Structures are given as C-alpha cells and as structure tokens.
Amino acid sequence: MDRREDRAFPLIFERSQKGRRGVRPPSVGDVDPEALFGRENVRESPPRLPEVDELSVVRHYTLLSRRQIGVDTSFYPLGSCTMKYNPRVLEAAAARFTALHPYQDPETAQGALELMYELAEYLKAITGMDEMTLQPAAGAHGELTGILVIRAYHEDRGEGDRRRVVLVPDSAHGSNPATASMAGFEVREVPSGPDGEVDTEALKRELGPHVAAIMLTNPNTLGLFEKRILELTEAAHQAGVQLYYDGANLNAIMGWVRPGDMGFDVVHLNLHKTFATPHGGGGPGSGPVGVKAHLAPYLPVPLVRKRGSAYVLDEDLPKSIGRVRSFYGNFGVLVRAYAYIRLLGLFGLKRAAALSVLNARYLKALLKAKGFRVPYDGPTMHEFVAQPPEGLRALDLAKALLDAGFHPPTIYFPLIVKEAMMIEPTETEAKETLERFAEALGEAARKGLANPGWLEGTPYTTPVRRLDEVRANRRPVLRWTPEAE
Ligand SMILES: *Cc1c(COP(=O)(O)O)cnc(C)c1O
C-alpha cells in the first residue's frame, strides 16, 4: 500500500509545487555574499525548500498541531512523569526575564540572583536540606551531580577506594543504576518485599564498608510510601553509607514530609515535573540538588549567596566537584518554579499533594471495579501500578486509549510488575475526567476480552497505526531526505 495515499498529512515537502511562493524576501541589492561571508560559506545551489503558498503552510502546521495529544488537549496519566497542568501565568512570569544575558555583570542582575537565592531557600525548606545547587539541567543530571558529590565526600575522607558499590532497589527508575555506573560505581540490586517496599533485611545484609550510597525514592516507583524508611536510613548511616533520595516525583509529599527528615543526605528534584514546567519534549528541565551540611563543600560552583544586601556568585569552594553545566542552570524553569511556589504557598503545595493522592486513589478504585488488578495494593500515593484483566496486554490497551482520545499511561515499568500500567492522574484533573478515563479503559478491556482481534488492531484513528518500535528505536529516521523516497 502506498503510505502516502494513506496518510492524512502529507509532509510539507510533498505539498510543494514548483514555482509557488508564500513570501518574497526583500532584494539584497548589490551586496556581494562572497565578499561578506567568504566564498567557502556561500552555497552553490539553492536549498531544497518546499515551494508552498502561505495558506498551505498555515493549514499544514495547524492540522499537525491538532493531531497532538498533550495536557492542553486531553488527560495524560503517564506514571512517573507528573504531566500536570501548569498555569499560564507562570509562562508570563518566565517571559519577563528574557532580556537577561548570562555574561552580564552580576551587579546588574541582582533581581535574577535574588530569585535564585530565594528559590533555593524554598527548596531547602521543602526538602529539609542545608544547601542547594540549581545548576543541573534535568533529573538524571541532578542524580549524576549528587552521586559525584557523594564520591567526592568519600574520597576526601580517604574511603574512595573502598566504597565502590551503590545499592539500588529493583523497582528503581532506570536512571538510578545508569547514574551510579556512569559515576564509576558498581551497582547492586536490592529486592522488593511482597508488600512492594524495599526488603529491609536484604538491604541490611548488603550494607558494609564497601558501599558508598543507596539510591531510593519515597514514595517508591509502585506509588507506595516506604514505611520503614527511618530504620533503613539509620542502618545505612551506621555503616557509613550515604543516602540518596530521587525526588523526581515530589508531588505526593511536598509540604507533608521531607527527605531530610527521613534521613537522606542528598536529594534531587525535577522542577519540570513537580514545580510547574511541563515535562516531555526533551526539555528544558531543571534538577536542583540539595545536600546536608557535611556534603555542602563538594557542591558545584558557583553558588548564589547573600553578602549584606547584595547577591553574589560564590566560586570559592575549594573541594567543589566543579561546574556541571554552563552558566547558571535553565533559568526560565527556575522562574516558573519560584512563581509557582509563591503562588501556592505552603498551604497550596500541601493541598496539591493531597489532591494528587486523592485522585490516584479514586482512579485506582474505579479501575479495580472494572476488573483491573493492582498487585501491590498498599496505600497508594500519587500513582499506582495496575495490571489489565487476565489475558489482555498493556500495550494493546494503551493503543486503544489513543482512539479514545487519551494519552496512555506508562507501560511495562516498573519491571517487577508484569504487563504494568503505571498511572499518575495528578492533582489538576477533575473527578469527571478520571471517570471518563476509567470508562474508556474499562470499555477497551471489555471489548478486547470479547473480541481480541479488535483490540490487537487498535489504534484505528491515528495517522500511523502500530509502528515497528524496535526499528524505530534502533534506526530512527528523523529527517526527510529526497533520496529516502
Ligand atoms: C523522571 C524521573 C527521573 C529522570 O528525570 P529526567 O529529567 O528525565 O532526567 C529520575 N527518577 C525518577 C523517579 C523519575 O520519575
């Protein structure tokens, strides 16, 4: 079958008609491009651009934008991603700073530095940490920064050669073991117990003078709060082991409990999940890292500090691991987080967290009533991991949801649950939306059980149907070239 005939949207190149124009740029007059740019920089033949009229361009991109599924168009319950709605007013706040330049003299950017200083103070208060860097550009980048800080700490104490192991639970986000191994550590997996929480005894057996750190997230990847956390962190500290808290998903606990009070030494946050920057699409993000006082000397430079009434960039940290990013982090993301925290206040943050938990518990109850199973069914926090009714595949149900106008949940993660569907509704969705979603998923499951062929054929309404996902990953074709035709 000719895919092009089949496709609702031809590429803009395929709309091209020889000689058609949408715009006529002004003539360059008698400027000599070769003299201006140098002969080697001037092209010999015109670029192969599509020749289209203005209306065709407008329609093309407008129709494409209407094929998007995003938070602005529909429910997006992608677990471990916190795809919540972010108020537009925060975009306006970020846009106020676009005239700043990173090479500006700090004396002329006092407002920006004040904002960074105060944001760090808020995040310290929310996490229970003593010092905070805003430099890392993403969650995984924050992890790497935090683990390098821990490594520097052990090295400084003369234990760097001995402490070579990082412990990670089997339910962990994939970035945790990846981070530890990138920082040169050996990763050892700790099993979860039957209740979905870390197996405390197994973890204690692994502790010792060869262990540098444990990376945990709480609530964990099954959406469950680790109730034995104080016992765990205390045992780890007795063995000289540092506790790393993956705080990418702080939505469930912000304002209620603090990683610092649970005994953690390092925490990273994903401002582009919890604090008002949309997550997805490849950035920009921000993964601030907070540490307890004993790790502060190793943080990246510079840190924003207050000297009298002035804000300064402090480069004077002799034991610092150095810079982890150019300039000062993704500043626009910091502005949104600052404005969001100011907008909500502590009471608002607590309420957002409580509603995210309430929504997850409500949706879990709705899906259980429709025959979905929840293997680790403890007190759910901001997300839960469900399994389809016996005989159905998570992938097929995810595809069916596309036809119903919903973004699918995260599937096949965490790895310890077969046919996992990891669902995170967030606090910003209305009760009716959750009900419509449960209805759609229940209906897909019901029809799939009655007629497996129908379910395996979904989606029916998208421009392309089922992709060869392995090939799309291994050999992504991201650019159109005429030769590819
Ligand atoms: C999203 C996430 C990360 C990684 O964050 P990025 O910004 O995508 O690098 C790490 N840990 C957990 C638990 C996450 O959900």
Side-chain angles (χ1 to χ4, degrees), residues 71 76-84 86 123 127 133-148 166 168-183 187 189 192 196-198 213-226 229 243-254 259 262 264 266-290 324-325 329-330 332-334 336-337 353 356 360 381-385 409-417 420-426:
V71 176
Y76 202 135
L78 198 63
S80 198
C81 285
T82 315
M83 305 300 287
K84 62 186 180 183
N86 299 296
L123 298 178
T127 56
T133 172
L134 304 174
Q135 232 178 72
H141 194 196
E143 287 175 38
L144 184 63
T145 304
I147 288 293
L148 289 178
V166 170
V168 177
D170 58 2
S171 69
H173 195 266
S175 54
N176 294 177
T179 293
S181 96
M182 218 174 143
V187 178
E189 206 173 84
S192 304
E197 295 182 33
V198 174
I214 307 173
M215 299 180 84
L216 287 174
T217 182
N218 193 19
N220 66 26
T221 305
L222 294 163
L224 302 173
F225 193 84
E226 300 276 355
I229 193 65
L243 271 302
Y244 185 95
Y245 183 91
D246 179 337
N249 305 287
L250 210 71
N251 231 35
I253 62 159
M254 55 182 178
M262 296 179 211
F264 285 91
V266 188
V267 53
H268 89 262
L269 302 173
N270 275 36
L271 299 187
H272 53 292
K273 282 180 182 169
T274 314
F275 294 97
T277 287
H279 172 233
S286 176
V289 173
V324 296
R325 192 186 180 278
N330 279 326
V333 181
L334 305 181
R336 288 180 186 88
S356 79
M381 300 297 283
H382 62 299
E383 65 192 356
F384 59 96
V385 180
T410 299
I411 53 176
Y412 301 109
F413 178 75
L415 305 176
I416 54 173
V417 176
M421 305 183 81
M422 187 191 210
I423 301 176
E424 180 181 8
T426 84

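Only a predicted model underlies this, so the values are computations on that prediction, with no experimental measurement involved. Both counts, for ligands and for their atoms, begin at 1 and track the order of listing.
- No donor-acceptor contact under 3.5 angstrom links the side chains of Glu424 and Ser80, judged on distance only.
- Rounded to the nearest 0.5 angstrom, Thr82 OG1 and His272 NE2 are separated by 10.0 Å.
- Taking only nitrogen or oxygen atoms, main chain and side chain alike, Ala138 does not reach within less than 3.5 Å of ligand 1.
- Under 4.0 angstrom from ligand 1, there are no non-hydrogen atoms of Thr221.
- The closest side-chain donor-acceptor pair between Asn176 and Glu143 falls under 3.5 angstrom.
- In this structure, atom 6 (P) of ligand 1 lies nearest to the protein heavy atom Gly139 N, 3.4 Å.
- Considering each of His141, His279, Lys273, Glu143, the one bringing a non-hydrogen atom nearest atom 10 (C) of ligand 1 is Glu143.
- Nearest to atom 11 (N) of ligand 1 among the protein's heavy atoms is Asp246 OD2, 2.6 Å.
- Between Ala140 and ligand 1, a contact under 3.5 Å exists for at least one N or O pair.
- The shortest contact between atom 5 (O) of ligand 1 and any protein heavy atom is with Asn270 ND2, 3.1 Å.
- With rounding to the nearest 0.5 Å, the separation of CE in Met381 from OG in Ser356 is 7.5 Å.
- Not one N or O of His268 is nearer than 3.5 Å to an N or O of ligand 1, by distance alone.
- Under the 4.5 Å side-chain criterion, counting only non-hydrogen atoms from C-beta, Thr221 is in contact with Met422.
- For ligand 1, one of its N or O atoms has an N or O atom of His272 under 3.5 Å away.
- The CG atom of Leu216 sits 8.5 Å away from the OG atom of Ser171 when rounded to the nearest 0.5 Å.
- To the nearest 0.5 Å, the span separating CD1 on Ile214 from OH on Tyr245 amounts to 15.0 Å.
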* **Pair Asn218-Glu226, side-chain hydrogen bond (donor to acceptor under 3.5 Å, both in side chains): steps then yes or no** => CA-CA 6 Å; Asn218 193 19; Glu226 300 276 355; over 6 Å; no
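- Close to ligand 1: Ser175, with a non-hydrogen atom less than 4.0 angstrom away.
- Atom 3 (C) of ligand 1 has as its closest protein heavy atom His173 CE1, 3.4 Å.
- For ligand 1, the atoms closer than 4.0 angstrom to any heavy atom of Ala248 are 2 (C), 3 (C), 10 (C), 11 (N), 12 (C), 13 (C), 14 (C), 15 (O).
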